[in-house]
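Quick notes on the structure that follows.
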Amino acid sequence: MKRQNENRTDYDAVIVGAGFSGLYMLHSLRESGYSVKVYEAADGVGGVWYWNRYPGARCDSESIYYNYTFSKDLYKEWSWSSRFASQPEILEYLNFVADKFNLRSNIQFGTHVTSAQFNEHCNSWQITINGEETIQSKFFITGVGCLSTANVPQFEGIDQFKGDCYHTSNWPIEGVDFEGKRVGVIGTGASGIQSIPIIAKEAEHLTVFQRTPQYSVPAGNHPYHGTFNKQVKSSFENLRDTMRHSDSGTGIPPGNRSALEDSPEKREEIFEQAWEKGSLYLFNTYNDLMVNADANETVCRFIRNKIDEIVEDTKVAEMLKPTYYYGTKRPVLDTDYYETYNQDNVSLVDVKANPIKKITTKGIQTTAEEHELDIIVFATGYDAITGTLLKMDITGRNGLSLYDKWAGGSTVRTYLGLAMNSFPNMFTITGPESPSVLTNMPISIEQHVEWIRDFIVYMDEHNIDVAEAEDEAEKNWSQHCREIAEKTLFVHTDSWYNGSNIDGKPRGFPLYLGGVESYRKICADIANNVYEGFSLR
Ligand code: N01
């Protein structure tokens, strides 16, 4: 590259984060000849897979889907050991990628981007790292993921606890010894549900503090054998194209008819087969589970019956039964989750009925009683989707901060989840209002990265210094996202999707629900229409 260097910036592009997004963005831009720097807070690559080392951490997308597809060589060289890869294996994969493409030389680890400001005089970004050094870059690209700012509820007395406290998203590298300990886990989302069965095997006693029961389905994890790996690799192109042109970004076929079209017996048979298959097959049985309350109730009932069958204590089974619409919180996959409540050393506390009042020196005090503990595990999730972007001090044109633009989160608006009005030359990989977490992330990330790269190359070839999303285009996109969401059941449930898991966070639904394929087409059409909706100057 070429023209960008004439601007005498330090780099053509600065990228925040060295997870799936940052690594591929770096590789793509560097291959196209641009100078790139990645800043990463951790001491290694991996993003969420660097930090989430809690016991049982495992991907809930199948390994054959949850990887890069941009390089056939890479796909062929790497073999997954099981259907759902563990955190250590995914971290190993991302290290393998970093080595294979020699990416580390452009990454500065242990470095926080503390602010970024658009400079209108030189049409570039001034990016401050660790609150000290300022770097200038033509483009500012965030690859910070959607789940990277932990939610630690500020319970009264949180600092007084005499035992040890951990959050699943920032787990000690050396691990935690639960042997002979009284452990409390707060939270029953994916992180809680994965860690609870493992902790229960080690701890003297485990108390689970549950606010909302979850629908969880057996993952159906098993080892991959050599022949399976060979077969998958030989059908690489097919698999890649299927994922790229699907709604979900996976190879799991979506349902093609209403749940209400089948007789109860037939439906039961279909649900049972899907339950046995594991993964997200149950979620994909019928095409109206997320839009029709009656259809949704059929699958809810099926899972509640499963809980009755699995959990021996009927009182505990009742407590574990959810009532929200299945799938409107992120569907959870487990290994022996409900079975764990049959162990003598495990108890369940309903903190919706008796909320946590405070943390004491000895443990957790609910409105009903005090639970004495040696270790508290916060599996309390994230300030998702917008949290990390809002935490960075980002300022666009005319001194407008991102925080003010989004009114602290109450009016999140983007164009395609990729760019924003007043924030020229800034791109957000899997940003708010893109399909992101509702899809298989690596596939959505690749689509974003390639689109951003092509846009930058286009600007370069056409002597364009600044690209900025137009206000009208942004308004229309946000409205489009909202309109789709409002036709679904998602908006009726409290979840991290809509921000209701964070005290005081304004509610919205900053996600595009139209699926990977239609989103890909929209983005491609916009590019083909000379980046319609962007002002180019
Ligand atoms: O977080 P969550 P997570 N008092 O927000 C509870 C991805 N992920 O880390 O439902 C008491 O889902 C909260 O209760 P409620 C995946 O996308 C993927 O588990 O808000 N409880 C909930 O039970 C996932 O969806 C993988 O009422 C409180 C729990 O804490 C996303 O990350 C693995 C509370 C938080 O659940 C987030 O999952 C792990 C309070 N004050 C994560 N505050 C895989 O790939 C919160 N809770 C497998």
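Just follow the structure's listing: the first ligand is 1, and inside any ligand the first atom is 1. Positions are given from 1 along the sequence.
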Does the side chain of E450 come under 3.5 Å of the side chain of Y24 through a donor N or O and an acceptor N or O?
yes
Between F84 and ligand 1, which part of the residue brings a heavy atom under 4.0 Å of the ligand: side chain, backbone, both or neither?
neither
Does A379, backbone or side chain, put an N or O under 3.5 Å from an N or O of ligand 1?
yes
Would you say the side-chain atoms of T386 and K505 include a donor-acceptor pair closer than 3.5 Å?
yes
Side-chain donor-acceptor pair under 3.5 Å between S518 and Y512, yes or no?
yes
Starting from atom 36 (O) of ligand 1, which protein heavy atom do you reach first, and at what distance in Å?
G189 CA, 3.5 Å
Heavy-atom proximity to atom 43 (N) of ligand 1, picking from R211, R330, H167, points to R211
Subset of ligand 1 atoms that lie under 4.0 Å from at least one heavy atom of K329
10 (O), 15 (P)
Close-contact set for ligand 1 against Y54 heavy atoms, below 4.0 Å
33 (C), 39 (C)
For atom 3 (P) of ligand 1, what's the nearest protein heavy-atom neighbour? Residue, atom name and distance, please.
S191 OG, 3.3 Å
F70 backbone acceptor or donor facing E446 side chain under 3.5 Å:
yes
Near C59, which atoms of ligand 1 are under 4.0 Å from a heavy atom of that residue?
45 (O), 48 (C)
Do you see a donor-acceptor pair shorter than 3.5 Å between the side chains of H167 and Y382?
no
F178 six-ring centre to R182 NZ/CZ under 6.0 Å and within 45° of normal:
no
With a cut-off of 4.0 Å, which atoms of ligand 1 are near a heavy atom of R58?
44 (C), 45 (O), 48 (C)
Give yes or no for whether the N/O distance cutoff of 3.5 Å, strictly under, is met between A190 and ligand 1.
yes
Could you tell me the residue and atom name of the protein heavy atom closest to atom 32 (O) of ligand 1, and the distance to it rounded to 0.1 Å?
L147 CD1, 3.4 Å
Which residue supplies the protein heavy atom nearest to atom 6 (C) of ligand 1, what is that atom called, and how far is it?
G187 CA, 3.7 Å
Looking only at distance, does T168 have an N or O less than 3.5 Å from an N or O of ligand 1?
no
Between the candidates N151, T493, N52, D60, which shows the shortest non-hydrogen contact distance to atom 45 (O) of ligand 1?
D60
Enumerate the atoms of ligand 1 whose separation from the nearest heavy atom of Q194 is less than 4.0 angstrom.
33 (C), 48 (C)
What do you reckon, does Q210 put a non-hydrogen atom under 4.0 Å from ligand 1?
no
With distance as the sole criterion, is a donor-acceptor pair present between the side chains of E433 and S478 under 3.5 Å?
yes
Quiz question: by atom type and distance under 3.5 Å, do the side chains of S21 and H448 form a donor-acceptor pair?
no
Check each atom of ligand 1 against the heavy atoms of F155 and keep those under 4.0 Å away; list them by number with element.
4 (N), 40 (C), 41 (N)
Quick check: closest heavy atoms across T168 and Y54, and the distance to 0.1 Å?
O-CD2, 3.4 Å
So, is T212 polar-close to ligand 1, with some N/O to N/O distance under 3.5 Å?
yes
Residues T142 and T428: side-chain donor-acceptor under 3.5 angstrom
no
Please tell me whether W496 and N151 have a donor and an acceptor in their side chains that are separated by less than 3.5 angstrom.
no
Min heavy-atom dist I186 to ligand 1 below 4.0 Å
yes
Among F209, Y497, W496, which residue places a heavy atom closest to atom 31 (C) of ligand 1?
W496
Between K352 and ligand 1, does any nitrogen or oxygen pair lie at a separation below 3.5 Å?
no
Side-chain heavy atoms of I429 within contact of I445, under 4.5 Å
yes
N/O to N/O below 3.5 Å, does that happen between T188 and ligand 1?
yes
Nearest protein heavy-atom contact for atom 1 (O) of ligand 1: which residue, which atom, what distance?
G381 CA, 3.1 Å
Is the shortest side-chain N to carboxylate O distance from K391 to D383 below 4.0 Å?
no
Start with the C-alpha gap between F283 and Y215, add the side-chain angles, then the distance that decides, and say whether ring-ring contact (aromatic ring centres under 6.0 Å, His included) holds.
CA-CA 11 Å; F283 184 76; Y215 298 104; over 10 Å; no
